[in-house]
Amino acid sequence: MTWLKPSLQAVLALLLCLIAFALGAMSKPEAAALAQPTATIAYPYMGAKGLIIGLLLIAALVSMAKLTSIVEAIMLFVGAHAAAWLLIKGIAGFEGTALAPYFLLLAAAWLLAWRCVALLSALRPSQSVARNALRLVIPAIFGAWILIIWEAVTRGAGIPFILLPPPSAIGARIANSLPILGSDVRQTIFKAVLVGYVVGNLAGFIVAILADRVPFLRRGLLPIGNMVSALPIIGVAPIMVMWFGFDWPSKAAVVIIMTFFPMLVNTVAGLAASGHMERDLMRTYASGYWPTLLKLRLPAAMPFIFNALKINSTLALIGAIVAEFFGTPVVGMGFRISTEVGRMNIDMVWAEIAVAALAGSVFYGVVALVERAVTFWHPSVRGG
Amino acid sequence: MSGQSPAVVSASKLGLTFQTNDGPVQALSNVDLTIGKGEFVSFIGPSGCGKTTLLRVIADLEKPTSGTILVNGISPEQAREKRAYGYVFQAAALFPWRTIERNVALPLEIIGLSQAEQAERIKRTLELVNLSGFEKKYPWQLSGGMQQRASIARALAFDADLLLMDEPFGALDEIVRDHLNEQLLDLWDRTNKTICFVTHSIPEAVYLSTRIVVMSPRPGRVTDIIESTLPRKRPLDIRETPEFLAIAARVRDGLRAGHSYED
């Protein structure tokens, strides 16, 4: 048929909708109501069931019609997300009672969202505004569906709160605990992580320059450095607490130790990265050690140094959070995680994890942005 | 060659032996050579004949293990410290994080010229190599030929009287190479610099040089030195003249006599 172009996801979604319809009851209360037609039993999706299936069917069918990609994508987007929203909204109050059709419809909605992302990924818009928007929309839909499936499955299947709270509960906890989360972020990230990160990277960088300048340091220090970097750094956290006390300086010390060696090793490698020809060139200018370092070797080492900065941005966060497990004043992200686990407040643990993930991404992103600005000349950045 | 003015390069019994894992390798042996001011001398020979090594010895990028060499009457090291020469490498070796004008400015920054003088020299040398208008471009935005011209501009901006060029056009296609050869000759004619030019192309050597030093490998040595009879002004089509072909034939004979093709 010329007006149809079947796609795997849409056909599968249609099939799943039909099976879900044939299986009948979406939830246990609905099954009970069907079994006893005379009794009045409240059950989810009294009116919405037809709407959900209808939405999915229409979206799946329209997506296979010969339309432009953008229209199809919009139809799929609306259909899949409206259906998912109705599914999640309807199960409220009936958690844990979902039957197979609930999950089949969820899978159908997910398939349509997949098709939608696939269509969007294939788009090659000419305007840069549209390109940038797409670059944001595609991962956003992707991420949203992780949350949608998480939410729908934990609620539909009634997964115990202790094991995995639904994201909506985590979101509510974040919204209700902003002051606590804020003070934890201040303690852990703005004090321990940032101070440790700056000092650790700076120390690694300076020692790398020294090792480059002074041969005996290079011969003596680097092998020992490699050995020390193999030590389980987290194991030194209790010792740092003994040395520097319970407050953030001991956490910053752990971060310094963790970030020092990646920076040292990468900078030393980076300083060796400039080509022979370029170094010979500087020699023909009778250029001394420092001009050669500043004008040739450090710029050439920048990709390596930023590699270390990116590795360290995540290491620093891990180090500071885990170090707080070993003793801290009553504030801090690691402290909160370890105590709230003990009190079975798993949503608070997840809230801290979400905040840590967000902070870590922002941290990494800022470093990566600076990297793009500094190493704009590198083939990996300029693309070719 | 003029007998009066001191030689720009004078080498006698020059030898250089590299210590490698497979034992010593004699890269240069018994090289006697004098280059006068304003000469354009080409070094030609198969790979491994030591022509690049000889240039690097003149530039003090390698130390000879025997014999003596003087550049401008002083040791190569002193000459290098006095910034007596500009060196053009096989590849452009431009710094990708610097624009073309900042690349040309690099040696000027190192010798500590004022901003005004830097700007003046950048402008002049980029005009000399026909790169005006590309000051703000990055090297990776230019073609290979333009990059090599920028690296020549960088060596010229230095304003040394001696220009050492190590197969500068080796990686370029023939059309670009012809064009750059023409420009180089023109530049040499206008500036009266002394140029030492390493190549493995017979036509290039004959077209450019006032003297051609033929070298052969194992050990690297000079087998013949040919004075060119071509006039100073040379249009590209001089390469079809019998005079040109005669010199080229002599260079080829010299290469063959050096057993360069034995394996």
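When reading the values below, keep in mind they use all heavy atoms of this one structure, side chains included, and skip hydrogens, waters and symmetry mates. In what follows, chains are A, B, ... by sequence order, proteins preceding strands, each numbered from 1.
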So that I know where these two stand, are Y197(A) and F363(A) an aromatic pair - ring centroids less than 6.0 Å apart?
yes
Specify which of A91(B), A59(B), P107(B), A93(B) makes the most heavy-atom pairs with chain A at under 4.5 Å.
P107(B)
Please state whether the side chain, the backbone, both or neither of M302(A) comes within less than 4.5 Å of a heavy atom of chain B.
neither
Test: R297(A) and D212(A) ion pair at under 4.0 Å
yes
Less than 6.0 Å separating the ring centroids of F304(A) and F306(A)?
no
Determine whether T199(B) and E167(B) satisfy the following criterion, side-chain hydrogen bond (donor to acceptor under 3.5 Å, both in side chains), listing intermediate values before the conclusion.
CA-CA 5 Å; T199(B) 180; E167(B) 291 187 42; over 6 Å; no
Which one wins on heavy-atom pair count under 4.5 Å against chain A: Q90(B), R98(B), R83(B)?
R83(B)
Of the backbone (N, CA, C, O) and the side chain (C-beta and beyond), which part of A84(B) lies under 4.5 Å from a heavy atom of chain A, both, or neither?
neither
Tell me which of these, Y87(B), W97(B), F95(B), has more heavy-atom pairs under 4.5 Å with chain A than the rest.
W97(B)
Quick one: are the ring centres of F40(B) and F197(B) less than 6.0 Å apart?
yes
